[in-house]
Novice: 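Shown below is the structure under consideration.
Below, read A as the first sequence line, B as the second, and so on, with proteins coming before strands; counting in each chain starts at 1.
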Amino acid sequence: MKINPLPIPLYGTALLAIFMIILELKKYFSKEIYQTLFKTIFVISIWALILIFSIFPFSAMELSKDMGLGETLNTLIFVGMVIIFMILYILIGRLNIVNQQLTEIVRYLAISEKLNKDNES
Amino acid sequence: MIITEIKQDLRKTAVVIPIYNEAAAIVDVIDEVRSTGLKNIIIVDDGSSDDTRMILSQLPVHYLKHSINRGKGAAVQTGITYAKLNGYEIIVTMDGDGQHDSKDCLQLITKIQNGYDVALGTRMSNPKGMPLTRKIANHMANLLVFFMFGIRVSDSQSGFRAYGKKAIDKFRVVYDKYEFDTVILQHLVKYGLSYTEVPINVRYTRYSMSKKNKQNFINGVKTTLNIIISQIFS
């Protein structure tokens with residue numbers, strides 16, 4: 001496969017993908033409770049695909065041509081998907097944290113009320 | 001002698017029942033549980049809007065109320081936290097709609113007393129009356145659990161379980177909805193807890209099957225998707 005110098009945005013994407021893959025592996029090997037093998041494989045597969053298309057963009061372009069898409073549109077879709085995946089990843093992660101905090105507050109209130117009643121009686 | 005020992009052990013045993021708008025069924029469930037000799041009953045009301053609070057204030061139970069609805073898993077976790085604070089060493093969790101037969105509590109507790117960390121009630125050894133869609137959903141969920149967590153069980157969705165002290169101390173599940181029961185299985189693997197399955201009877205009554213918030217096929221699919229998404233993004 002022909003390797004040409006990469007456009008600068010693709011260097012950035014490749015570095016980001018490598019960073020995310022290392023981060024996922026670190027989480028898995030430090031045995032974080034919700035870092036399952038399934039999650040690790042899923043996330044790493046996506047970032048590995050992004051990494052491959054970043055390093056060998058022509059493979060993606062050739063694929064895109066075969067599919068009848070123009071090169072520019074292909075790049076736009078590719079970059080768009082990376083950004084959407086990043087945003088989704090961050091948003092759902094934060095939403096989960098807010099949800100957990102809300103539940104903790106509701107739980108704290110319920111138990112506090114009950115313990116107060118227990119102490120009174 | 002044996003009877004005395006069991007009575008003593010039951011003093012350190014609590015039954016946690018999460019409920020949401022179960023005013024029509026909860027009194028019978030409590031009476032049935034008490035008739036088995038289990039007197040420490042912790043009811044966690046997950047933001048009910050019916051007469052549950054008024055009804056339960058007359059009964060000899062520990063009543064905790066979530067100010068807003070947070071889901072079955074959140075309610076169970078609240079009950080377990082309260083039970084831990086009160087020094088209970090065995091906790092049984094069961095549904096509040098009358099589907100579970102309270103007599104099975106004692107079988108689950110016996111397994112914990114015999115040394116298991118967790119006793120999982122399974123409906124699949126006697127699935128009589130179970131709707132076909134639920135059977136299919138259950139098998140699919142079991143496969144998913146095996147694929148994701150590496151644990152093989154016959155009923156990954158059952159909420160009728162007993163937990164020993166080691167399990168109670170280890171668990172800290174942050175999943176609020178029905179996926180709680182499934183994700184608990186992940187903890188068994190992670191913490192190397194011993195477990196066994198106990199056949200249980202389930203009564204599919206007209207009341208339990210007509211509930212809006214029951215765990216039906218659609219909710220099962222939602223739960224499955226929630227597990228996959230939350231495993232990826234948590």
Novice: If you take all heavy atoms of B:Arg53 and A:Lys117, which pair is closest and at what distance?
Specialist: NH2-NZ, 3.8 Å
Novice: Would you say the side chain of B:Arg70 lies within less than 4.5 Å of the side chain of A:Asn99, judging by non-hydrogen atoms?
Specialist: yes
Novice: State, yes or no, whether a side-chain contact exists between B:Ile68 and A:Leu102 at a heavy-atom distance under 4.5 Å.
Specialist: yes
Novice: Does a sphere of radius 6.0 Å around OH in B:Tyr116 hold more than 12 heavy atoms from other residues, nucleotides or ligands, not counting ones at 6.0 Å or beyond?
Specialist: no
Novice: Is A:Asp118 close to chain B through its backbone or its side chain, or both, or neither, when contacts mean heavy atoms under 4.5 Å?
Specialist: side chain
Novice: Among A:Ile111, A:Leu95, A:Thr40, A:Thr103, which residue forms the greatest number of heavy-atom pairs with chain B at distances under 4.5 Å?
Specialist: A:Thr103
Novice: Side chains of B:Phe149 and A:Leu37: does their closest heavy-atom pair fall under 4.5 Å?
Specialist: no
Novice: About how many Å separate CD of A:Glu113 and CG of B:Leu64, when rounded to the nearest 0.5 Å?
Specialist: 8.0 Å
Novice: How long is the straight-line distance from OG of B:Ser67 back to CZ of A:Arg107, given to the nearest 0.5 Å?
Specialist: 12.0 Å
Novice: With a 6.0 Å cut-off (strictly less than), is the heavy-atom count around NZ of B:Lys39, excluding the residue itself, greater than 12?
Specialist: yes
Novice: At their closest point, which heavy atom of A:Lys114 faces which heavy atom of B:Tyr63, and how far apart are they?
Specialist: CD-O, 3.4 Å
